[in-house]
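Input: a single structure, listed below in C-alpha cells.
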Amino acid sequence: RFEIPEKIKVQYVKTTPKDYESLIDIHSEDIEDYYNTKIADFRVRKMYKAAHILFRSEAKNDNLEESIKSEEQAKQKANDVLKKIRNGTSFSELAKKYSDDSDSGKDGGSLGEFPEGMMVTEFENALKKLKPKETSEPIKTSYGYHIIRLDKITPERIKPLEEVKEEIITKLKDNKTRQKMRRVVKHVYRSAKDDQDLMRAAQENNLSTQTTPFISREDHVDPNIGSNPEFFNQAFLLEDNKVGEPVVTLESAFVMKVVN
C-alpha cells in the first residue's frame, strides 16, 4: 500500500527560560535561604591520598590446600617487601617492581585522591589508623594483601557561602526563569482556548506566533523546534484549529494549534 502520509501545518508560540533572564532579580536572602536549605549539597567528603602495593592470592575453588599456599606466599611477599620499605628502599620503585595492581603499580602505587567510603572496609580501616607518610603492615582484603602508604588527608568540610555563591545564583536563575516560562505559556493557553485565537493570546503576552511548513510524522524537521517528541506527538493528535495544552521541557515551552 502506497498511502500518502498525513501532513499538517502547526502554528505555535515558543518561549525559553533565556527570554526571561533580564526580568529575574536574585536577592541576597534568596541566596542565603537556598544555601541553608541545601547545605548538605555543599558538603565535601573527607578525602584520602594514598598509594599501595598489592600481592594477589589466587583462590583455588577445587583445591583448599593450594588456596592456603597461595595466600601464604602472597603474605610472605608482602612482608619481604615491607622490610625493604622499612630499610629505606623507595616505595614507588618497589610498587613498580612487585605490585600485582598494574594500573597503580606503573605510577609507583599511587591511587590518587579518593573520598572516604570508596575502598573496601579492611582497606579503609587501615587508612584510618595511619598518619600521613606512614606505611601499614600487610592488610588482607578480598583482593589479596596490601601495603598501604597514606600520603595526605583532606578533612570533610562544608563549602562556605562565598565559595558557592555564583553557583547558587545560576541555579536560582535557572529555576526562576523556568517558572516564569511555564507561567507565561499557561497564560497564553488560557487566553487562547476560549476563541482558539493563538496569535492574539501570544501578542497579549508580548510573544509572536510562528508556523511550520507542512510536516508529517516521518518528516518533521524544524530547526526552531528541534528534537522535541512531545511537540510533534501532540501536534498529530490535535484537532484542526484547536489550541493544545502547553508542551513544556527544561529548554523550551510551546502552545500550538494545527492550521491546515
Side-chain angles (χ1 to χ4, degrees), residues 11-50 111-119 124 127-128 131-132 150-194 197-210 222-234 243-256:
Q11 184 186 59
Y12 65 92
V13 175
K14 176 186 178 182
T15 185
T16 69
K18 201 171 185 66
D19 297 336
Y20 306 103
E21 283 183 353
S22 63
L23 304 178
I24 301 300
D25 291 321
I26 304 297
H27 303 290
S28 58
E29 55 266 30
D30 297 329
I31 299 168
E32 290 171 10
D33 286 348
Y34 185 96
Y35 178 76
N36 291 326
T37 302
K38 301 280 189 178
I39 193 81
D41 294 348
F42 304 115
R43 181 175 73 90
V44 180
R45 291 159 68 184
K46 182 178 183 179
M47 300 289 287
Y48 293 108
K49 186 177 182 184
L111 294 167
E113 200 168 19
F114 52 90
E116 183 178 34
M118 182 176 173
M119 299 299 184
E124 290 266 345
L127 276 175
K128 289 174 183 175
K131 295 176 182 175
L150 176 61
D151 296 327
K152 180 183 174 185
I153 300 173
T154 304
E156 177 180 300
R157 70 185 183 97
I158 300 293
K159 293 180 183 178
L161 177 56
E162 281 307 309
E163 187 177 330
V164 295
K165 186 175 180 179
E166 291 306 314
E167 176 187 339
I168 291 173
I169 290 171
T170 298
K171 286 182 177 178
L172 287 172
K173 279 189 174 179
D174 286 347
N175 291 342
K176 287 177 179 286
T177 53
R178 288 191 179 113
Q179 288 168 1
K180 177 70 173 174
M181 175 186 75
R182 287 193 291 268
R183 284 197 299 271
V184 169
V185 290
K186 281 181 182 176
H187 289 155
V188 172
Y189 169 69
R190 286 171 185 157
S191 177
K193 73 176 182 177
D194 292 333
D197 189 342
L198 186 56
M199 185 177 290
R200 174 194 53 73
Q203 289 171 348
E204 286 177 357
N205 287 274
N206 299 313
L207 296 168
S208 59
T209 58
Q210 301 176 71
D222 188 316
N224 194 47
I225 298 167
S227 176
N228 195 323
E230 296 96 333
F231 180 99
F232 296 107
N233 287 342
Q234 185 183 94
V243 174
E245 292 197 8
V247 172
V248 180
T249 69
L250 287 176
E251 293 80 25
S252 55
F254 300 86
V255 182
M256 73 185 82

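Here the closest heavy-atom approach between residue Ala253 and residue Val185 is recorded as CB-CG1, 3.6 Å. Heavy atoms only, all atoms of each residue included: Lys14 and Ser252 are closest at CE-CB, 4.1 Å. Of all the heavy atoms in Thr15 and Asp19, the pair that sits closest is OG1-OD2, 3.0 Å. Taking every heavy atom of both residues into account, Phe231 and Val247 meet most closely at N-CG1, 3.9 Å. A pairwise comparison of heavy atoms in Ala202 and Val13 identifies CB-CG2, 3.6 Å as the closest pair. Across all non-hydrogen atoms, the minimal contact from Arg200 to Ala192 is NH2-CA, 4.1 Å.
With rounding to the nearest 0.5 Å, the separation of CG in Asp41 from NZ in Lys159 is 10.0 Å. With rounding to the nearest 0.5 angstrom, the OG1 atom of Thr209 is 9.5 Å from the OH atom of Tyr12. Summarising the geometry, atom CZ belonging to Phe254 is positioned 9.5 Å from atom CE belonging to Met181; distances are rounded to the nearest 0.5 Å. For the atom pair CD1 (Ile26) and CD1 (Ile31), the distance works out to 7.0 Å, reported to the nearest 0.5 Å. Annotation: the span from Phe114 atom CZ to Leu127 atom CG amounts to 5.0 Å, rounded to 0.5 Å. Summarising the geometry, atom CD belonging to Gln11 is positioned 11.5 Å from atom CE belonging to Met256; distances are rounded to the nearest 0.5 Å.
Arg43 places no side-chain N or O within 3.5 Å of a backbone atom of Glu156 that could act as its donor or acceptor partner. One N or O on the side chain of Thr177 and one on the backbone of Asp174 form a donor-acceptor pair closer than 3.5 Å. Side chain of Arg157 to backbone of Val44: no donor-acceptor contact under 3.5 angstrom is found. In terms of modelled atom types and a separation under 3.5 Å, the side chain of Ser191 and the main chain of His187 share no donor-acceptor contact. Between the side chain of Gln234 and the main chain of Glu245, a donor-acceptor pair closer than 3.5 Å is present.
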Which is it for Asp30 and Lys176 under the side chain to side chain contact (heavy atoms under 4.5 Å, CB included) test, yes or no, and what are the steps along the way?
CA-CA 11 Å; Asp30 297 329; Lys176 287 177 179 286; 4.3 Å; yes
What's the verdict on side chain to side chain contact (heavy atoms under 4.5 Å, CB included) for Ile225 and Phe232, showing C-alpha distance, side-chain angles and the deciding distance?
CA-CA 9 Å; Ile225 298 167; Phe232 296 107; 3.8 Å; yes
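Ring orientation note: the planes of Tyr35 and Phe42 are close to parallel, at an angle under 30° on the 30°/60° scale.
Considering only residues two or more places apart in sequence or on other chains, Lys18 meets the side chain to side chain contact (heavy atoms under 4.5 Å, CB included) condition with Thr16, Glu21. Under the salt bridge (Lys or Arg N to Asp or Glu O under 4.0 Å) criterion, Glu167 pairs with Lys171, not counting sequence neighbours.
With a 4.5 Å cut-off on side-chain heavy atoms, Lys38 and Ile168 do not count as touching. Taking 4.5 Å as the limit, some side-chain heavy atom of Met47 sits within range of a side-chain heavy atom of Pro115.
Using a 4.0 Å cut-off between a side-chain N of Lys or Arg and a carboxylate O of Asp or Glu, Glu124 and Lys128 do not qualify as a salt bridge.
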